[in-house]
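Input: a single structure, listed below in structure tokens.
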Amino acid sequence: MKFITLLLASFFFAASVFAGCPAKTINGKVVSFDSDSKTLTVKQGKREKQIKVSSSTQLDGFECPTKLAAGDKVSVDGCNCSSKKAKKIALAQK
């Protein structure tokens with residue numbers, strides 16, 4: 001009984017820890033941009049991350065995500081785990 005209670009308590013604690021997943025800066029290269037779903041795919045190391053671009057996303061260094069070419073270096077700020085929406089996308093200096 002103690003084991004089951006301990007197991008349930010640890011699950012509830014783990015859920016509360018990951019509920020507020022922090023927004024981390026993603027630095028990587030552009031793979032593609034899908035204009036239909038407004039999804040930007042960025043390669044960070046060996047992983048590819050898909051990020052939603054909304055009308056409230058600030059664009060720094062370019063006017064429209066469709067202008068980004070494959071291989072451009074970008075920095076994505078404010079993208080959290082649950083929504084996958086970026087607050088700011090900046091074109092990195094070459």
Sorted by chain and residue number, the side chain to side chain donor-acceptor pair (under 3.5 Å) partners of Ser32 (sequence neighbours excluded) come out as none
Across all chains, not counting sequence neighbours, the side chain to side chain contact (heavy atoms under 4.5 Å, CB included) partners of Lys29 are Lys73
Taken to the nearest 0.5 Å, the spacing of Ile51 CD1 from Leu40 CG works out to 5.5 Å
When rounded to the nearest 0.5 Å, the distance separating CG of Asp77 from CD1 of Ile26 is 9.0 Å
Less than 4.5 Å apart, any side-chain heavy atom of Thr39 and any of Val53?
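Thr39 vs Val53: side chains apart.
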Item to complete: Report yes if some heavy atom in the side chain of Asp72 is under 4.5 Å from a heavy atom in the side chain of Leu91; otherwise report no.
Response: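 Yes, their side chains come closer than 4.5 Å.
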Could you list the donor-acceptor pairs under 3.5 angstrom formed by side chains in residues 55-69, with sequence neighbours left out?
residue, atom, partner, partner atom, Å
Ser56, OG, Ser54, OG, 3.1
Thr57, OG1, Ser54, N, 3.1
Thr57, OG1, Ser54, O, 3.3
Thr57, OG1, Ser54, OG, 3.3
Thr57, OG1, Ala86, O, 2.8

Fill in: Polar side chain donor-acceptor pair, Asn27 to Ser75, under 3.5 angstrom
yes
Here the side-chain hydrogen bond (donor to acceptor under 3.5 Å, both in side chains) pairs for residues 42-51, sequence neighbours left out, are none
